[in-house]
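Step one of this worksheet: look at the structure below.
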Amino acid sequence: MTRLSGVTPSGHITLGNYLGAIQRWAAEGTEHDLYFMSDLHAMTTSHNPGRLRSLATEGLAVLISAGISPERLFVQSDIARELGALTWILECTCSYGEAARMIQFKEKAKGQAGVRLSLLTYPTLMAADILLQGASEVPVGEDQRQHVELARTLARRFNTTYGEVFTMPQAVLPPAAARVRDLSDPTRKMSKSAQDTAGVVSVLDEPDLIGRKIRRAVTDGGSEVVYSPEDRPGLANLLEILAGCTGGSPADLAAEHTTYGSLKNATAEAVIETLRPLREATNALLQDPAELDRVRKAGAARASERGDHRLTSALRLVGAG
Ligand code: TYM
């Protein structure tokens with residue numbers, strides 16, 4: 001069994017990415033897991049090349065500092081040639097209708113002028129990420145489940161049409177409460193690419209800034225601290241964040257606080273202390289570009305070698321090479 005997942009450096013890694021994904025990857029990781037910075041995926045909308053490069057390096061440093069073994073890591077663009085070739089084969093296995101049906105494409109393309117073609121083909125690159133490495137389990141949030149389903153459909157179609165090459169992947173979803181919401185607008189998920197960052201905690205934010213963002217978080221009407229995600233989403237978000245940092249249950253934690261102020265102070269404190277070692281280790285690692293470069297090169301060599309026989313077989317079976 002191989003587990004594989006990625007983070008797209010479309011902005012600084014958030015508390016949501018950490019509590020919903022990275023923390024779990026570090027804790028549950030086995031020697032068969034693979035995690036990567038999916039920098040090629042950050043190019044489907046207007047992007048700045050210098051910022052993309054530095055965010056990919058920063059993200060790699062965060063993943064290492066969170067406790068994921070460097071041997072399990074790589075950066076997507078370091079195997080861009082292999083992924084480009086496999087993406088093409090998968091585009092030739094996928095219908096236009098299947099790609100255009102993706103909810104994320106419909107949402108992101110809506111009302112936009114000059115939509116990049118890559119926004120449509122994004123799931124075939126994601127399928128290439130998964131299928132090249134032979135991943136059987138793909139831990140992702142609900143928002144990415146449809147893309148993993150498409151990767152599964154394409155693997156099955158390729159295997160039955162041309163010959164058995166690819167492992168069938170399956171999405172593995174986190175527990176329901178693993179979705180962290182924006183502190184200023186709890187109807188939205190906390191996102192790296194949000195325009196307004198007042199409600200978004202980056203894992204590298206300084207303690208003062210984290211404290212301010214949490215104390216300004218939107219809470220709902222009423223004054224009682226109760227855990228009720230449907231009617232009190234702002235409050236529930238804070239309780240879930242506190243639970244994610246301390247390990248308690250949101251309902252039990254609600255009973256421990258009588259005022260919003262006390263809950264906010266406890267949440268700010270818990271987030272600051274959870275992120276402090278991660279921020280310090282990441283900042284230290286970013287001072288050592290030679291070490292990061294070494295991790296990248298070794299990761300690229302492993303990922304490329306791992307996928308080589310699948311890419312060679314797939315090219316041969318489709319009649320190319
Ligand atoms: P990305 O970068 O959007 O998200 C990375 C991981 O973080 C989780 N996540 C959250 N969890 C809880 N609360 C939030 N507010 C929150 N925001 C994000 C996501 O569910 C995800 O697990 N396309 C993928 C990256 C990718 C990939 C792949 C994943 C590229 N190729 C192949 C798996 C397999 C993405 O953009 O993730």
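As the structure lists them, so they are numbered: ligands from 1, and atoms in each ligand from 1. Being a predicted model, the structure only gives us computed values, none of them experimental. Along the sequence shown, residues carry numbers from 1.
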Expected list for residues 216-225: side-chain donor-acceptor pairs under 3.5 angstrom, two or more places apart:
| residue | atom | partner | partner atom | Å |
| --- | --- | --- | --- | --- |
| D220 | OD1 | G234 | N | 3.3 |
| D220 | OD2 | G234 | N | 3.3 |
| D220 | OD2 | L235 | N | 3.0 |

| query | Should R152 and H147 be marked as a side chain to side chain donor-acceptor pair (under 3.5 Å) after you check the CA-CA gap, both sets of side-chain angles, and the distance that decides it? | reply | CA-CA 9 Å; R152 192 178 167 82; H147 296 157; over 6 Å; no

| task | Please work out which of the three classes, parallel, tilted or perpendicular, describes the rings of F158 and F166, given edges at 30° and 60°. | result | perpendicular

| Who pairs with T44 by side chain to side chain donor-acceptor pair (under 3.5 Å), at least two apart in sequence or on another chain? | none

| message | Applying ring pair (Phe, Tyr, Trp, His ring centres under 6.0 Å), can you list everything that pairs with F36, at least two apart in sequence or on another chain? | response | F74

| said: So does H41 get a backbone contact from the side chain of S38, meaning a donor-acceptor N/O pair under 3.5 Å? | reply: no

| Protein residues that have a heavy atom under 4.0 Å from any atom of ligand 1, sorted by chain and number | L4, S5, G6, V7, T8, G16, N17, G20, A21, F36, S38, H41, Y122, M126, D129, I130, V138, V140, G141, D143, Q144, A178, R179, V180, K189, M190, K192

